[in-house]
Amino acid sequence: GDSVTQMEGPVTLSEEAFLTINCTYTATGYPSLFWYVQYPGEGLQLLLKATKADDKGSNKGFEATYRKETTSFHLEKGSVQVSDSAVYFCALSENAGGTSYGKLTFGQGTILTVHP
Amino acid sequence: DTAVSQTPKYLVTQMGNDKSIKCEQNLGHDTMYWYKQDSKKFLKIMFSYNNKELIINETVPNRFSPKSPDKAHLNLHINSLELGDSAVYFCASSRRHDRGYTFGSGTRLTVV
């Protein structure tokens, strides 16, 4: 079945440092890929997405590129802020032609803490 | 506000009790979901409904029963609660062919 693997955390950075959170996936078809963010005590929010190979999703300074050849969707940000401290989830969804109606399979989450 | 709203936000109850969590979305989405997040933050799908029809039913004990009276509501009823049911339960919704979810803020269930 489909699966998503993220780099283990927690990740601790100083403000303005460069962030990379690795994500690789296994899927039988051509999934869409997502990054979600969960701030303390809140639900998940969609951060960015990419629906086909070589697409780049971006939002709030975060970027991720859909790499089919390496089955990866690594999250990057050039300069993190304290307010970026949260849990980040990589996820995939089977394509619209399937019968899953958009079921999301999540990675295990990576806790990011940014210090001033 | 357009959103996915869950109630209650916190639920503390004793083993063996029966409890319900309610979810409503006013986004006009066709599909709704229940996810369970354990203490290690791992998220696993439990159920999914599309236009009131159950379409995903993962390996979940029979004590958990979802109910969707209409496509804007998806409730979760849990019978005979056990300690292992303690978790945060998230409701979410999406359009059928737009696979970004909108999540509720979660219900933290603690069974004592």
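Side chains included, hydrogens not; waters and symmetry mates left out as well; all remaining heavy atoms used. Below, chains carry the letters A, B, ... as their sequence lines are ordered, and counting in each starts from 1.
The ring of B/Phe103 has its center closer than 6.0 angstrom to the ring center of A/Tyr36.
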(request) Take A/Phe73 and A/Tyr25 through the ring-ring contact (aromatic ring centres under 6.0 Å, His included) test and state the conclusion after the steps. (result) CA-CA 8 Å; A/Phe73 192 55; A/Tyr25 67 90; 8.4 Å; no
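B/Val4 and B/Cys23 make their closest contact through CG1-SG, 3.6 Å (heavy atoms, listed as atom of the first residue, atom of the second, distance).
Ranked by heavy-atom pairs shorter than 4.5 Å toward chain A, the options B/Gly106, B/Ser105, B/Cys91, B/Gly104 are led by B/Ser105. Each of B/Lys44, B/Lys40, B/Arg108, B/Gln37 has some count of heavy-atom pairs under 4.5 Å with chain A, and the biggest count is that of B/Gln37.
At a 4.5 Å heavy-atom cutoff, B/Gln6 makes no contact with chain A through either its backbone or its side chain. Both the backbone and the side chain of B/Leu43 have a heavy atom closer than 4.5 Å to some heavy atom of chain A. Contacts between A/Gln45 and chain B at a heavy-atom distance below 4.5 Å are absent for every atom of the residue. Only the backbone of A/Glu42 comes within less than 4.5 Å of a heavy atom of chain B; no side-chain atom from C-beta onward does.
A side-chain donor-acceptor contact under 3.5 Å links B/His77 and B/Ser20.
Remark: side-chain polar atoms of A/Ser58 are not paired, donor with acceptor, to backbone N or O of A/Glu63 under 3.5 angstrom.
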